[in-house]
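Would you mind keeping the following structure in view while I ask a few things?
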Amino acid sequence: GMPGPVTMAAPNSDNADPAAVTACAQFAEALDASSSYYGDFADALETYAQPDYQDPATSSSNTVGRTALRQSAAEAMDASNTPGLGPDIADPMRSWSFGATKLLIKMGLHGGGDGLNNTANEMNDDATKVQTACAAAGTHA
């Protein structure tokens with residue numbers, strides 16, 4: 001689909017790497033799209049280690065969250081393949097994308113809270129690495 005408007009958290013520096021600007025903006029959209037849905041699902045899990053997948057709210061947020069993660073994983077992978085993008089940015093983007101895919105599979109298999117949290121923590125680490133590398137390139141994710 002067509003990308004929506006990108007909210008710029010901070011101006012790009014004048015000498016920002018153009019490939020990084022493009023990729024980091026795209027990754028930021030993937031991050032925004034997935035984090036709210038994953039957050040809803042994580043909230044539904046917090047009260048018990050073994051999620052009650054029969055619960056309609058959990059079931060609904062699980063389905064919506066998996067759809068969002070699938071789209072975000074694809075968008076992050078696409079961002080990581082931006083021509084001219086350095087590996088310091090591309091590698092954690094790719095890792096985040098794999099994490100999102102792993103998470104949606106675990107959600108689909110009705111995994112327990114610990115396994116989901118471990119994957120989510122890995123994704124957060126990767127996202128931080130992306131944001132740090134994007135900042136070093138004069139832009140932001």
First locate atom CD1 of Ile89, then atom SG of Cys24, and finally report the distance between them rounded to the nearest 0.5 Å.
-> 4.0 Å

For Gln71, all residues meeting side-chain contact (heavy atoms from CB on, under 4.5 Å), sequence neighbours excluded |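 Scan of Gln71 (side-chain contact (heavy atoms from CB on, under 4.5 Å), adjacent residues dropped) gives Thr67.
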
State which residues pass side-chain hydrogen bond (donor to acceptor under 3.5 Å, both in side chains) with Ser95; sequence neighbours excluded, sorted by chain then number.
-> Asp126

Sequence-distant partners of Thr119, side-chain hydrogen bond (donor to acceptor under 3.5 Å, both in side chains), two or more places apart |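 Partners of Thr119 by the side-chain hydrogen bond (donor to acceptor under 3.5 Å, both in side chains) criterion, ordered by chain and then number, come out as Lys106.
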
Donor-acceptor list for residues 127-138 side chains, cut-off 3.5 Å, not counting sequence neighbours:
from	atom 1	to	atom 2	distance (Å)
Thr128	OG1	Asn124	O	2.9
Gln131	NE2	Ala141	O	3.4
Thr132	OG1	Thr128	O	2.8

Who passes side-chain contact (heavy atoms from CB on, under 4.5 Å) against Leu104, sequence neighbours left out?
->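 Listed in chain order: Arg66, Leu69, Arg70.
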
Residues in side-chain contact (heavy atoms from CB on, under 4.5 Å) with Ser72, at least two apart?
->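 Partners of Ser72 under the side-chain contact (heavy atoms from CB on, under 4.5 Å) test: Ala30, Ala33, Ser34, Trp96.
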
Does Lys102 reach the side chain of Glu122, with side-chain heavy atoms less than 4.5 Å apart?
->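 In contact.
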
Donor-acceptor pair, Ser97 side chain versus Ala73 backbone, under 3.5 Å?
-> yes

Name all residues meeting the side-chain hydrogen bond (donor to acceptor under 3.5 Å, both in side chains) criterion together with Asp17; count only those two or more places apart in sequence or in a different chain, and write none if there are none.
->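 Residues passing side-chain hydrogen bond (donor to acceptor under 3.5 Å, both in side chains) with Asp17: none at all.
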
By side-chain contact (heavy atoms from CB on, under 4.5 Å), which residues pair with Asp91, not counting sequence neighbours?
-> Pro87, Arg94

Return the minimal non-hydrogen interatomic distance between Ala19 and Thr82, and the atom names on each side.
->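 Result for this residue pair: O-CG2, 3.7 Å.
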
Report yes if some heavy atom in the side chain of Met77 is under 4.5 Å from a heavy atom in the side chain of Phe98; otherwise report no.
->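 The answer is yes; the side chains approach within 4.5 Å.
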
Which atoms form the tightest heavy-atom contact between Glu75 and Gln26, and what is the distance?
->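 Heavy-atom minimum between the residues: O-NE2, 3.4 Å.
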
